[in-house]
Structures are given as C-alpha cells and as structure tokens.
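Reviewing the structure listed below.
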Amino acid sequence: EKLCRMLFRVYSDKGMFEESIGVFDYMEKSGFKIHDKFCRVLLLSLNKRGQMDMCFSFFQRMVGANVDITVHSMTTVIHGLCKGGNVEKAKDLMEEMVSKGIEPKLLTYNMLINGYCINGTVDKAFKMKAIMEQKGFEPNVFTYNIIAGGLCKLKRYEEAKMWSFAVIKRGFTHDVVTFSTLVNILSKTGNLEKAKLLFESMEKWGVRPNIVTYNTLIDGYRKKGNLEETKRLFEEMEKGGVRPDTTTYNTLIDEYCKKGKMEEAHKLLGHMEAKGVRVDTVTYTALIDGYCKEENLEEANRLSEEMEKRGVRYNTFTYSSLIDGYCKKVKMEEAHKRMGHMEARGLRPDTVIYNSLIDGYCKKGNLEEAKMIFDEMENRGVRYSIVTYSTLIDGYCKIGKMEEAHKLRGHMEARGVKPN
RNA sequence: GGCCUAUUAGCACCC
C-alpha cells in the first residue's frame, strides 16, 4: 500500500497519467482506503498540464470509488474546467457536489465567476456573484478584480474602471492586481498620462509595481509609439530589481517586428537566451508574423522549425501568422497544407484563419472558392465575424458582383453581426 | 499557510 502511494505520487508528478491511473485501479481493486488528499496530487498535475478532460473523468472515478471527496479536490476540478472554457460543466459539478453535502467556498465561487468572464458571459458572472452573496459570502478583492478583468476582455473599460475603483473605495487592502488592472484600463482608453501618474503614485498607497504593472505600461508606451519611454521603463525596472520576463521581451520583440526591424527583434531573442529568460510560443509567433509580413516565408519557416526543435508549442496564433503569410502571397496550396498540419495536431482553425483564406481567394479573384470556404465555416461550426463579412463583401465589390455583396449584408444582419 | 484575479503575439476595409 505504501509502495502504491509512492508510485502514484511520482507518476502523477511526472505526468505519467496512464500509470497513475493504473496504480489507482490496483488500489481500488485491492480494497485500499483512498483519501481525497492523496488523489489531489493527480488532479493538480493534470490541471497544470491542461488535461482537463482527464481531470474531470478521474474525479468521476474518485466519486465512483467512494473517496471522501472534499471541497479541495472539487475546487481543483472546477478550476480546470473554468480555465478550459467549460464553466457550465463546472457549475453542474458544483451543484452535484452541493447535493452531496459539500459546501463551496468563496474561492470556488470566484473561480466560477472567472470562468464566466473567460467565456465572455459577464452577465452570467454577475448572476453567479448574486448566488454567492445569497449564500452569505461577501465578495472579496479577488471577486472585484475578476469582474474588472472580465469587463476588460470585452473592452467595457468604463465599467471595469468602476469595479477596480470600488476596491479602493470599499476599503479593501490595496492590491497590486487592482492597480495593474487600472493602469491597463487607463492605457487602453487613451489615458496613458493618467496611467503613468497612477503608476507613480502606487508606492504612496503602499503598493509596489511588479512585473505585470511594468509590462502593462511598457505595452502602453510602445503602442503609442513612444520608444524612448519604453526603453527607459525597461531600464528602470531592471535597476529597481524587477527582472524583465518573457512578456516584457515578447512585447519589445513584437514592437520591433511590427516596425519591420527584424534584426533588432532577433537580437532580443538572443538576449533572452543569454539571460535565461524562457522563450515561449508568443515569442516565436511574434517573430514568425514579422517575417511573414515582410513576405519572408523562408525565414518564417526556419523559425517554426527552430521552435519545433526546441519544444516550443505551436498554437492557433502561430499557424494563423503562417497561413496569413501564404494567403497574402496567394499561395493557397501551402496555406491549406498548413491547415492540415494544425488539424493533425488537434488544433481547430478558427475564424481568423478562415478569414485569411477567404481574403486570399478574394485577392486572387476566385470568389467561387472564397464562397466555398465561407460555407465550410458554417458546416464546421466556425463563427462568422465582422471581418469575415467585410472580406467577402469587399471581394464581391471588387469584381462588381454587387447583388452578392448585398445578399451578404442581409445574411450578416440575420446572424446578428452588426455592420461597422 | 496554500489554491482563485491583472500584462505580450494572428485576419478585412478605411485613414
């Protein structure tokens, strides 16, 4: 029994999940008593590695094996489900557990509220908050920050600002997350000066800007085209003992890429390696996109091979940049080939990728093919966006097929996509 | 005590 516990722990920790579950099976068959705390090692590990489905199904197995389920493991599973965009499933799970006498905690509710925010359904997040209050839980700083963040995702910055300021007004302890959120809101709404003032006054409130606060402000300045201030902040943070991280470098690399300064961007990649800063998918995607934009697909492909070799994962953005690169050059066969690759890896092409393809065919003057891609989106359940319609409408206009263009305008209204 | 919250990368048109 002791050996099983040890094995289970090690397998779980190393991500050898089949083996972990094998041990679990054996323990169950042998009639060993299995505790909730013991199972949590696996739940947490599955969570960390994004294996939400397995996490959920293992939890079901725990229930089936009569493990003494606690709020802790329930909360872990809910966390995973929420992060994976499966809030409804998480909510159902919570309700099921409540019926078994397990009471959620404030943090459990916060996770669900966050889940709805991730989904972009803030109204449901508010409903969950109301339920939480009904149960006698007062919202805490996390709750407020989560809601402010959710509203930011929807670009509802004015409302977000109210929630962040409410933290300060309600006399909660001042929190660096609240301040960073506010710096972001101010910066994104064109009040970079105010953002800077807030940033500078933070210390007076007893809050020290951290890496995220710096990164937020740096992004604000570079998007405004103020490279001097961007660099100054970069140096200031290093002097102040806040070490630039992956996001900091990614932001700067993207800035150089957008300006077409690919050598500079590449140099920063070198700096990251020299300083031991982790390189990630965003780093490479920014670079790949930069090369694609200057139509240097050779270099873009070289980088994608490099990231493959280094074990940096591709995501939808990475493929999107490459596919768009091919579409802009009207190399449609190559674009399709890349789409095949991503699907083989279990990534579903999204709206943006389809938009690039449609644009490619439109630019080629092949509206039949463009329309076929459009229909394929429907069949595969990929949502149309305002860009999808604009692209295709533009395509029809350019070849003088005005009736088709008008038809699409009707189509979009029927779908509830508002013309801009 | 720990666990939940903030920052960076992809698409059309116009400018």
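For clarity, every value in this text was computed on a predicted model and none was experimentally measured. Numbers restart at 1 for each chain; the letters A, B, ... are given by sequence-line order, proteins then strands.
Relative ring orientation between A:His174 and A:Trp205 is described as perpendicular, the plane-to-plane angle rising above 60° on a 0-90° scale split at 30° and 60°. The aromatic rings of A:Tyr389 and A:Tyr384 sit perpendicular to each other, their planes meeting at more than 60°, with 30° as the lower class boundary. A perpendicular orientation is assigned to the rings of A:Phe24 and A:Phe58, their planes being inclined by more than 60° (bins at 30° and 60°). Note on ring orientation: taking the six-membered ring where Trp is involved, the planes of A:Tyr249 and A:Phe234 are perpendicular (angle over 60°, cut-offs 30° and 60°).
In this structure, A:Leu42 CG and A:Ser73 OG are separated by 11.5 Å, a value rounded to the nearest 0.5 Å.
Note: CG (A:Leu322) to C1' (B:G10) measures 10 Å, nearest angstrom. Residue A:Leu182 contributes atom CG, which lies 12 Å from atom P of B:U7 at whole-angstrom precision. Going from atom CE of A:Met202 over to atom C1' of B:U7 covers 12 Å, rounded to whole Å. Protein atom OH of A:Tyr319 is 16 Å distant from nucleotide atom C1' of B:A9, rounded to whole Å. Nucleotide B:A9 holds its C1' atom 13 Å from the CG atom of A:Asp350, rounded to whole Å. If you take CZ of A:Arg222 and P of B:U8, they are 9 Å apart, rounded to a whole angstrom. Atom CZ in A:Arg313 sits roughly 19 Å away from atom C1' in B:G10 (whole-Å rounding). Nucleotide B:G10 holds its C1' atom 16 Å from the CD1 atom of A:Ile253, rounded to whole Å.
Out of B:U5, B:U8, B:U7, the shortest distance to the side chain of A:Asp175 is found at B:U5.
In terms of heavy-atom proximity, A:Arg222 sits nearest to A:Thr251 at NE-CG2, 3.7 Å. Of all the heavy atoms in A:Ala125 and A:Cys117, the pair that sits closest is CB-SG, 4.0 Å.
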Nucleotides 11-15 of chain B: which of its N/O atoms have a protein N/O under 3.5 Å away?
| unit_1 | atom_1 | unit_2 | atom_2 | d |
| --- | --- | --- | --- | --- |
| B:C11 | OP1 | A:Lys293 | NZ | 2.8 |
| B:C11 | O3' | A:Lys328 | NZ | 3.3 |
| B:C11 | O2 | A:Asn355 | ND2 | 2.5 |
| B:A12 | OP1 | A:Lys328 | NZ | 2.9 |
| B:A12 | O4' | A:Thr391 | OG1 | 3.2 |
| B:A12 | N3 | A:Ser390 | OG | 3.4 |
| B:C13 | OP1 | A:Lys363 | NZ | 3.4 |

Between the protein and nucleotides 2-4 of chain B, which nitrogen or oxygen pairs come in under 3.5 angstrom?
| unit_1 | atom_1 | unit_2 | atom_2 | d |
| --- | --- | --- | --- | --- |
| B:C4 | O2 | A:Asn110 | ND2 | 3.3 |

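Note on A:Thr247: a base of the nucleic acid sits closer than 4.0 angstrom, heavy atoms only. Residue-level contact check: A:Thr181 touches the backbone only, with heavy atoms under 4.0 Å from sugar-phosphate atoms and none from bases. Across all strands, A:Thr316 comes closer than 4.0 Å to base atoms (heavy-atom distances).
If you check distances only, the side chain of A:Asn315 does reach the base of B:A9 with a donor-acceptor pair under 3.5 Å. Residue-to-nucleotide contacts include no donor-acceptor pair under 3.5 Å from the side chain of A:Asn215 to the base of B:A6.
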* Evaluate salt bridge (charged side-chain N to carboxylate O under 4.0 Å, His left out) for A:Glu238 paired with A:Arg243, printing each intermediate quantity in order. => CA-CA 5 Å; A:Glu238 280 194 301; A:Arg243 289 176 60 89; over 6 Å; no
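A salt bridge links A:Glu306 with A:Arg302: at least one charged nitrogen is closer than 4.0 Å to a carboxylate oxygen.
The cationic group of A:Lys89 lies under 6.0 Å from the six-membered ring centre of A:Phe56 and within 45° of the ring axis, placing it in a cation-pi geometry.
An OP1 or OP2 oxygen of B:A6 is reached within less than 4.0 angstrom by a side-chain nitrogen or oxygen of A:Lys153.
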